[in-house]
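Note that ligands are numbered from 1 as they come in the structure, with each ligand's atoms numbered from 1 the same way. Keep in mind that the numbers below use all heavy atoms, side chains included, and drop hydrogens, waters and symmetry copies. Just so it is clear, the model here is predicted, and its values are computed rather than measured.
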Amino acid sequence: MDNPPPLSDSLAGILAGIEKSRRGSPLASHHTEILAASKGQPASVIEAAIRAGIGLFGENRVQEAHQKWPAIKARYPHIRLHLIGPLQTNKAKDAMALFDTIQTLDRPKLAEAFAKEHVGDRRLATKNYFIQINTGEEPQKAGIIPQEADGFIRYCTRDLKLNIVGLMCIPPADQPGAPHFALLREIARRHGLGELSMGMSGDYETAVRMGATCVRIGTALFGERKVD
Ligand SMILES: *Cc1c(COP(=O)(O)O)cnc(C)c1O
């Protein structure tokens, strides 16, 4: 191959980091997938990432995803797109049309909005969801606080019949991730949930060691963002 783009190099580095972290870590999952956090990245960069081998992307905003993704999906139908940012209840329907999986289910009203759409269109009932847990109990951050997680997970699965596949968290920026990843893992274990979306550019190796099945990587793959 001639002159691989730098993105292939960063991807190779991250894959090596994942492999290294997995080795000798009894808690590590058998599969950890990279989700490319592509907020702020133009379609050209996203398509370069697809050509480098990335099959899973995450966007934070419905509107931005709406502008970028229908055209990319038309060209690359096998690529999967997850919502990883907060969602307004009145955008639930739009989000379901755009995203394969919602990783940021974080409150009863939103869960009820999804369930209502499922009733209207049974095909949507197969959609997958992660519940976002506010492991650091930060008032400004989205997510269910740990003490309320068991009740909320039961409400979503038993009462609303949502297909909850796992949990996600964004630990406080100024704390080590490990205790938060351990807490997320423990809550998921209690409910038999297999997917753990945890770890970003700065701490994905720790997250892999603690059992992440999905690491959400932006900066380490694409370089510094101009805006968040
Ligand atoms: C932007 C973003 C990421 C990626 O962050 P980096 O530190 O750039 O890797 C991961 N998760 C969420 C929810 C994000 O918004």
Side-chain angles (χ1 to χ4, degrees), residues 6-18 21 32-43 45-46 48-50 52 54-69 80-88 91 95 98-107 110 128-138 140-144 165-178 180-181 183-185 188 195-228:
L7 199 139
S8 313
D9 292 351
S10 20
L11 179 57
I14 297 162
L15 286 169
I18 290 175
S21 312
T32 305
E33 190 168 16
I34 295 173
L35 174 150
S38 51
K39 55 176 173 267
Q41 303 298 340
V45 172
I46 291 171
I50 293 172
I54 301 263
L56 175 61
F57 290 80
E59 288 282 348
N60 290 65
R61 294 191 184 88
V62 174
Q63 199 191 346
E64 180 180 343
H66 213 280
Q67 285 160 2
K68 289 186 334 200
W69 277 90
R80 286 155 301 129
L81 183 64
H82 288 192
L83 178 67
I84 59 169
L87 181 63
Q88 291 168 11
K91 298 259 175 67
L98 266 170
F99 295 94
D100 300 296
T101 294
I102 309 290
Q103 287 205 4
T104 46
L105 176 49
D106 62 359
R107 59 192 191 278
L110 186 58
N128 290 338
Y129 302 90
F130 289 64
I131 290 171
Q132 182 174 355
I133 307 290
N134 186 356
T135 56
E137 299 182 48
E138 295 173 281
Q140 83 286 6
K141 200 168 267 178
I144 301 284
V165 296
L167 304 179
M168 82 85 96
C169 73
I170 309 171
D174 58 353
Q175 291 178 22
H180 297 275
F181 301 148
L183 176 57
L184 197 73
R185 182 192 167 87
E195 301 284 337
L196 289 174
S197 173
M198 55 193 202
M200 320 203 306
S201 291
D203 56 10
Y204 71 91
E205 288 169 312
T206 307
V208 169
R209 269 185 238 115
M210 310 212 48
T213 61
C214 173
V215 288
R216 309 179 310 268
I217 312 277
T219 317
L221 191 61
F222 298 116
E224 291 292 335
R225 283 181 293 277
K226 286 189 198 73
V227 286
D228 222 35

Give the numbers and elements of all ligand 1 atoms closer than 4.0 Å to a heavy atom of [X].
{"X": "I217", "result": "9 (O)"}
{"X": "I170", "result": "13 (C)"}
{"X": "T219", "result": "6 (P), 7 (O), 8 (O), 9 (O)"}
{"X": "R216", "result": "4 (C), 9 (O), 10 (C), 11 (N), 12 (C), 13 (C)"}

| For ligand 1, is there an N or O atom under 3.5 Å from any N or O atom of A37? |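 In this structure, A37 places no N or O atom under 3.5 Å from an N or O of ligand 1.
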| field | For atom 7 (O) of ligand 1, the option (of S201, A36, G218) bearing the nearest heavy atom | value | S201
| said: Judged on heavy-atom distance to atom 2 (C) of ligand 1, which of M168, K39, R61, M200 sits nearest? | reply: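 Residue with the shortest heavy-atom distance to the ligand atom: K39.
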| Roughly how far, to the nearest 0.5 Å, is SG of C214 from NE2 of H82? |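 Between H82 NE2 and C214 SG, I get 7.0 Å after rounding to 0.5 Å.
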| request: Select one of side chain, backbone, both or neither to describe which atoms of L221 lie under 4.0 Å from any atom of ligand 1, heavy atoms only. | output: neither
| task | Using a 4.0 Å heavy-atom threshold (strictly under), name the region of N60 that reaches ligand 1: side chain, backbone, both or neither. | result | side chain
| said: For E224, I'd like to know if atom CD has over 12 heavy atoms of other residues, nucleotides or ligands within 6.0 Å. | reply: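 Result for CD/E224: open.
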| Proximity of W69 and F99 rings by center, below 6.0 Å |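 They do not qualify: ring centres at least 6.0 Å apart.
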| Flag side-chain contact, heavy atom, 4.5 Å: I34 against L11 | yes
| remark: Here the pair of heavy atoms bringing F130 nearest to S197 is CE2-CB, 3.7 Å
| field | E205 vs R209, salt bridge (charged side-chain N to carboxylate O under 4.0 Å, His left out): CA-CA, chis, key distance, verdict | value | CA-CA 6 Å; E205 288 169 312; R209 269 185 238 115; 5.2 Å; no
| task | I would like to know whether R216 and E33 meet salt bridge (charged side-chain N to carboxylate O under 4.0 Å, His left out); could you show each step before the answer? | result | CA-CA 9 Å; R216 309 179 310 268; E33 190 168 16; over 6 Å; no
